[in-house]
Chemist: 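Quick one: this structure, given as structure tokens, is what I'll be asking you about.
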Protein chains: 4
Amino acid sequence: MEKLDKRMEELLQSEGDLTEKQRNILAAATEMFAQKGFAATSTSEIAKKAGVAEGTIFRHYKTKKDLLLSIVSPTMLRMISPFILKDINKVLNQDYERFEDFLREMIKNRQAFLDNNLQVVKVVIQEIPFHPELRDQFIQHVGQKVYQRFSETVQYYQAKGQIADIPPATVLRNVSSVILGYFATKYIVAPVGWDEEKEIDELIAFLAKGLAPE
Amino acid sequence: MEKLDKRMEELLQSEGDLTEKQRNILAAATEMFAQKGFAATSTSEIAKKAGVAEGTIFRHYKTKKDLLLSIVSPTMLRMISPFILKDINKVLNQDYERFEDFLREMIKNRQAFLDNNLQVVKVVIQEIPFHPELRDQFIQHVGQKVYQRFSETVQYYQAKGQIADIPPATVLRNVSSVILGYFATKYIVAPVGWDEEKEIDELIAFLAKGLAPE
Amino acid sequence: MEKLDKRMEELLQSEGDLTEKQRNILAAATEMFAQKGFAATSTSEIAKKAGVAEGTIFRHYKTKKDLLLSIVSPTMLRMISPFILKDINKVLNQDYERFEDFLREMIKNRQAFLDNNLQVVKVVIQEIPFHPELRDQFIQHVGQKVYQRFSETVQYYQAKGQIADIPPATVLRNVSSVILGYFATKYIVAPVGWDEEKEIDELIAFLAKGLAPE
Amino acid sequence: MEKLDKRMEELLQSEGDLTEKQRNILAAATEMFAQKGFAATSTSEIAKKAGVAEGTIFRHYKTKKDLLLSIVSPTMLRMISPFILKDINKVLNQDYERFEDFLREMIKNRQAFLDNNLQVVKVVIQEIPFHPELRDQFIQHVGQKVYQRFSETVQYYQAKGQIADIPPATVLRNVSSVILGYFATKYIVAPVGWDEEKEIDELIAFLAKGLAPE
DNA sequence: AATGAATGAGTCTTCATTCAT
DNA sequence: TATGAATGAAGACTCATTCAT
């Protein structure tokens, strides 16, 4: 955990040091990767869109793949940040009387993140299938850290009799599936007349009922 | 619907006419596309793996993209086939007393399909973000046909008092999310000690409870 | 000369034996070669336009180049036929009192030929620069036979005092240049309001005056 | 005319900016195009002969066709330069008492040009039939500018009674045909014992007599 | 630090030609 | 005789990366 935190700090703080050109490169690359995919995007396109010379990209990122990792790795960390930030996590565990409240907070928090990072998240999701290291990184972080923390939370609410006696992994699976389905619908299908409040209420009700003890 | 059926027949039956070389090409391409993605797979790799000359690929598929479409389009149709085959659908609607039974049948049926078509489905899912025509095709078929048929089914069980008064679209979303999450876990995470029967039971119980009227 | 005549007969008569498919192939190839050039025309295009299978072309013509030669060689012979047909030639020499009359007959005769063979002639002219054998063939036939026959004719009219004492080669050059310029203008530039009779009269007058003794 | 001059300046001066590699590419391409034709010359051949990597060609010329145009367009302009350079033209009109003198100057001037640009001119002539844009460019420049300027000159000498009352277009046609025939003989047939002075004298005499009033 | 010209391996695709049917 | 599937070499062009300036 110490090591992870350190690496995360490095990654996240490193973005403070970026020159404007570097930021342009990252922004351009993210946009193109999200749109056409990593493999179908050429470094010359990125350079053009970023307004820099092609050589400049390779001064900052040794290879094209390096550029991808520089985008994807910190994002993956930020995706799961609520689960690895100890302080916040403690709060989560104890601040919310009911599992529903915890869920609602979680959704709101991640929603805010998505609103600001839609493209990068798209890149992460789209590229994971093609890059084993990314997959490993993802499994290691999400599967390990998130599962661990989430389990504790679930057990907490199970102890309070709010969740049925189901394996925490199954709870995690169902909760994530439903929330992901919600986000996917909102951000990809983008239906007209989408009533956010009502949708979230229904979603939480569905989850709570489905997970409640008989 | 007639037109769709016809096109489907064409697509699906066309696979009967395939020469052995064509089948090799499709198999090799599917495998590589699933593994490395369309854009990162070269036609020379495909040719080598298929045991044919590179030129042979282009005799059968005008472009590399054409080859992708020849893999993906029929698969998309087969993915949703239970929803567009009138007869099966009727059966589904009426044969199952309880919504749970309908769900169980559905899951079994699609599971069998996945068991035989895992790779192609992987290609479909992975490539959709990068090819607008695929997305359109998908939305048109799934969003239209599946939604429509599924809605009828949902309303049928709502009338029987087994499903709460939720918009069918929301029911569809939650059901698909949970089932997809189940498949994703099974096929991607592939956890050790996976007890299929028990998982399906839990999954159906979760859905049924979550969707049941208060 | 005997050999030439024989080869010519072979070439020209051989066209009688052609099957319909062969004729289609020759016609299609001629059209495409005239339009896009030999090197830029593919055998598959020719096959398609001729309505035959690609293999069929190679059954009749061993190589693509062979097909070109089958078009070009007989045409080259027909282009210069008035000079190698002994009988006609004799007539030419003696039937026309004045050089002008000879020229007029010549132009009319070649014009008729061009009207029927414009495309093939186009191919001949366009491809000669790229195929040394064609150039050689051309020089041998035109440079040898035509020059020889035309020289006799010129000398005949020089003896009659109608042409100045210029080397026959120079006369040939100027006469051909002017006639070619005339045809080029007519067939390529194709100016509106082209009065054929008047143009020919002027052309002959120009040549006659230019070549006349002081 | 202003626009043309500008474009010409651009085209011609642009050749000053060429790097050595670019010059090598142009030289190699010209040589190969002249010898085998545009369509039959591969970019890899050009690269090899120019001593550069194949990619380098495409850094300077977006397509192979672009490379052709970069060779052909400025050459076409230089071919007709005596007719579009106002100052020279004025001189031509007035410096020469007799049409013969004008012709002699013209021939000498163009001969010098040909001596230095034989290959490029070959390319222009050989490729025009296959590239409509080239043909259009040629017709527009030669047909328009040259015809116009030459007409004025012809009318000048007609007014002086040196040329018969023939349409200037016809004069232009005959003069160009004969001069082209002269150049073709000199550069293509390249006969032994060619006496340049004598040939030009005869040629001019032929033209002058042929065009003189009765 | 930034450039952009240069590279050559690699891309998709087309080609002329062959051969089993 | 005619077909058209199959070939693999070659085509034009693009790519990620390097390096001298």
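By convention in this document, chain letters (A, B, ...) are assigned in the order of the sequence lines, proteins followed by strands, and residues within each chain are numbered from 1. The figures that follow rest on heavy atoms only: side chains count, while hydrogens, waters and symmetry mates do not.
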Chemist: Mind calculating the distance between CD1 (C/Ile46) and C1' (E/dT14) to the nearest angstrom?
Modeler: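 Between C1' of E/dT14 and CD1 of C/Ile46: 14 Å.
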Chemist: Does A/Thr43 make a side-chain N or O approach to OP1 or OP2 of F/dA16 shorter than 4.0 Å?
Modeler: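 Affirmative; the distance criterion is met.
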Chemist: Is the shortest heavy-atom distance from the side chain of C/Gln119 to the side chain of C/Gln35 under 4.5 Å?
Modeler: no
Chemist: Measure the shortest side-chain to side-chain distance between C/Thr75 and C/Val72 over non-hydrogen atoms and say whether it is less than 4.5 angstrom.
Modeler: no
Chemist: Under 4.0 Å between any heavy atoms, over every strand shown, what does B/Ser42 touch: base, sugar-phosphate, or nothing? Just pick one.
Modeler: sugar-phosphate
Chemist: Between P on E/dA9 and CZ on D/Phe58, what's the gap in Å once rounded to a whole number?
Modeler: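 Roughly 16 Å, once rounded to whole Å.
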Chemist: Reading DNA chain E 5' to 3', how would its secondary structure be written in dot-bracket notation, given Watson-Crick and G-U pairs with both distances under 3.5 Å, brackets [ ] for crossing pairs and | for partners on other strands?
Modeler: .||||||||||||||||||||
Chemist: Indicate whether the side chain of B/Glu54 and that of B/Thr43 have a donor and an acceptor atom separated by less than 3.5 Å.
Modeler: yes
Chemist: For a 4.5 angstrom cut-off between non-hydrogen side-chain atoms, does B/Tyr61 reach B/Gln22?
Modeler: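 In contact.
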Chemist: Rounded to the nearest angstrom, tell me the gap between atom NZ in D/Lys64 and atom P in E/dT14.
Modeler: 15 Å
Chemist: Between C/Ser44 and D/Gln22, who's closer to the 5' end of DNA chain E by nearest nucleotide?
Modeler: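 Between the two, 5'-proximity favours D/Gln22.
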Chemist: Identify which one of C/Val124, C/Val120, C/Ile25 satisfies the side chain to side chain contact (heavy atoms under 4.5 Å, CB included) criterion when paired with C/Ile71.
Modeler: C/Val120
Chemist: How many whole angstroms separate atom CG of D/Leu18 from atom P of E/dA6?
Modeler: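 After rounding, the reported distance stands at 12 Å.
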Chemist: Which atom pairs link the protein and nucleotides 1-3 of chain E when you take only N or O atoms and keep those under 3.5 Å?
Modeler:
residue	atom	partner	partner atom	Å
E/dA2	OP2	A/His60	NE2	3.0
E/dA2	N7	A/Arg59	NE	3.0
E/dT3	OP1	A/Lys21	NZ	3.4
E/dT3	OP2	A/Ala53	N	3.3
E/dT3	OP2	A/Thr56	OG1	2.4

Chemist: Can you pull the salt bridge (Lys or Arg N to Asp or Glu O under 4.0 Å) pairs that have at least one residue in residues 120-134 of chain A, sequence neighbours excluded?
Modeler: A/Lys65-A/Glu133
Chemist: Take the protein atom NZ of B/Lys36 and the nucleotide atom C1' of E/dG10, then report the distance between them rounded to whole Å.
Modeler: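 B/Lys36 atom NZ is separated from E/dG10 atom C1' by 12 Å.
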Chemist: Quick one: C/Lys62 NZ to E/dC19 C1', roughly how many Å, whole number?
Modeler: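 For the pair C/Lys62 NZ and E/dC19 C1', the rounded distance is 17 Å.
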Chemist: How many Å lie between CE on C/Met32 and P on E/dA16, as a whole number?
Modeler: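 Computing the C/Met32:CE to E/dA16:P distance gives 11 Å.
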Chemist: Any cation-pi pair here, B/Lys64 with B/Phe38, using under 6.0 Å and within 45°?
Modeler: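 Relative to the ring axis of B/Phe38, which defines the angle, B/Lys64 lies inside both limits.
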Chemist: Just the rounded figure in Å: distance from P of F/dT14 to NZ of A/Lys48.
Modeler: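 Distance, rounded to whole Å: 11 Å.
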Chemist: Is the closest side-chain heavy-atom distance between B/Lys49 and B/Ile46 below 4.5 Å?
Modeler: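 B/Lys49 vs B/Ile46: side chains apart.
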Chemist: Decide yes or no for A/Ser73 and A/Met76: does some side-chain heavy atom of the first lie under 4.5 Å from some side-chain heavy atom of the second?
Modeler: no
